[in-house]
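For reference, the structure discussed in these notes is given below.
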Amino acid sequence: MKKAFLLAITLLTLISCGSSSQNKPVDDTEPKKVSLSDSIVGNWIQADAEDTGEMSDTTGFVLQKGGKAQSINMPTYQYQSWSLKNDTIIMKAVCNAEGLPVDTTVSDTGIVDIKANTITLFGGDIIYKRK
């Protein structure tokens, strides 16, 4: 009787250990997929107007996870949100520039070139580079 009981316990132990998915090794060979929206999160600074390749620390924006945005050194132009459609970014801001009604909502649209680390706004030659 003792032998049968020990055999049953041993078999149950082996079965429970053998079927556990926690004992399987993790496969790290598969590349992790990163979405475009995840890859553009961060600080973007306006490229130097003289196209010298130098970065300007004066103006830009921060793209945050969850579609939130924030301006860098632009007190009259406050970015609030952003979204992506394919490789096109749409950013919403509140503008308090002279001559405009208070808290005018504006949209900036541009092309994201992740390989070049640039965002180029439509309707102008304003290029932002990742800081």
Side-chain angles (χ1 to χ4, degrees):
M1 179 79 170
K2 279 184 172 181
K3 286 183 182 181
F5 180 72
L6 286 175
L7 181 60
I9 295 292
T10 304
L11 283 174
L12 286 173
T13 303
L14 289 174
I15 290 171
S16 67
C17 289
S19 66
S20 174
S21 63
Q22 294 176 357
N23 294 333
K24 294 181 182 177
V26 176
D27 183 10
D28 287 338
T29 59
E30 288 292 317
K32 306 244 188 283
K33 293 184 179 178
V34 177
S35 69
L36 180 59
S37 61
D38 286 340
S39 65
I40 66 170
V41 168
N43 294 1
W44 295 85
I45 303 297
Q46 187 172 347
D48 192 350
E50 297 174 9
D51 198 24
T52 61
E54 295 293 319
M55 299 290 280
S56 166
D57 284 335
T58 57
T59 58
F61 49 86
V62 179
L63 300 179
Q64 301 169 347
K65 287 185 178 184
K68 294 193 183 262
Q70 181 179 1
S71 296
I72 298 173
N73 294 327
M74 292 195 279
T76 61
Y77 205 83
Q78 292 297 306
Y79 283 107
Q80 297 181 328
S81 63
W82 65 278
S83 62
L84 275 177
K85 188 169 187 172
N86 298 321
D87 63 349
T88 302
I89 188 168
I90 301 145
M91 298 183 289
K92 302 282 185 191
V94 172
C95 183
N96 290 314
E98 226 176 284
L100 290 176
V102 175
D103 295 334
T104 300
T105 302
V106 294
S107 292
D108 285 335
T109 305
I111 293 291
V112 176
D113 184 343
I114 201 65
K115 289 180 183 175
N117 267 331
T118 60
I119 295 176
T120 304
L121 297 184
F122 294 150
D125 295 328
I126 301 174
I127 299 174
Y128 292 92
K129 293 185 178 184
R130 185 182 303 276
K131 181 174 181 184

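Computed from heavy atoms alone, side chains included, the values below leave out hydrogens, waters and symmetry copies.
Under the side-chain contact (heavy atoms from CB on, under 4.5 Å) criterion, T76 pairs with no residue, sequence neighbours left out. Every residue was checked against the side chain to side chain donor-acceptor pair (under 3.5 Å) condition with Q78, not counting sequence neighbours, and none meets it.
I126 and V106 fall within a single hydrophobic cluster, where Ile, Leu, Val, Met, Phe, Trp and Tyr are joined by side-chain heavy atoms under 4.5 Å apart, directly or via other members. L63 and V94 are members of different hydrophobic clusters when ILVMFWY side chains are connected at heavy-atom separations under 4.5 Å. L121 and I90 are members of different hydrophobic clusters when ILVMFWY side chains are connected at heavy-atom separations under 4.5 Å. No path of Ile, Leu, Val, Met, Phe, Trp and Tyr side chains, each step under 4.5 Å between heavy atoms, connects I127 with I89, placing them in separate hydrophobic clusters.
Nearest heavy-atom pair across R130 and S39 is NH2-O, 2.5 Å. L100 and C95 make their closest contact through CD1-SG, 3.5 Å (heavy atoms, listed as atom of the first residue, atom of the second, distance). Residues M91 and W82 share a closest heavy-atom pair of CG-CB, 3.8 Å. Nearest heavy-atom pair across A69 and S81 is CB-N, 3.8 Å.
For the atom pair CG (N73) and CD (Q46), the distance works out to 11.5 Å, reported to the nearest 0.5 Å. Put simply, CD1 on I45 and OH on Y128 are 9.0 Å apart, with the number rounded to the nearest 0.5 Å. To the nearest 0.5 Å, the span separating CD on Q70 from CG on N43 amounts to 9.0 Å.
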Carefully, step by step, assess K131 and W44 under the rule side-chain contact (heavy atoms from CB on, under 4.5 Å).
CA-CA 6 Å; K131 181 174 181 184; W44 295 85; over 6 Å; no

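Checked by atom type and distance alone, the side chain of N96 pairs as donor or acceptor with a backbone atom of D103 at under 3.5 Å.
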Side chains of residues 107-115: which donor-acceptor pairs under 3.5 Å do they make with residues two or more places apart or in other chains?
unit_1 : atom_1 : unit_2 : atom_2 : d
S107   : OG     : K92    : NZ     : 2.8
D108   : OD1    : Y77    : OH     : 3.0
D108   : OD2    : Y77    : OH     : 3.0
D108   : OD2    : Y79    : OH     : 2.5
D113   : OD1    : K115   : N      : 3.2
D113   : OD1    : A116   : N      : 3.2

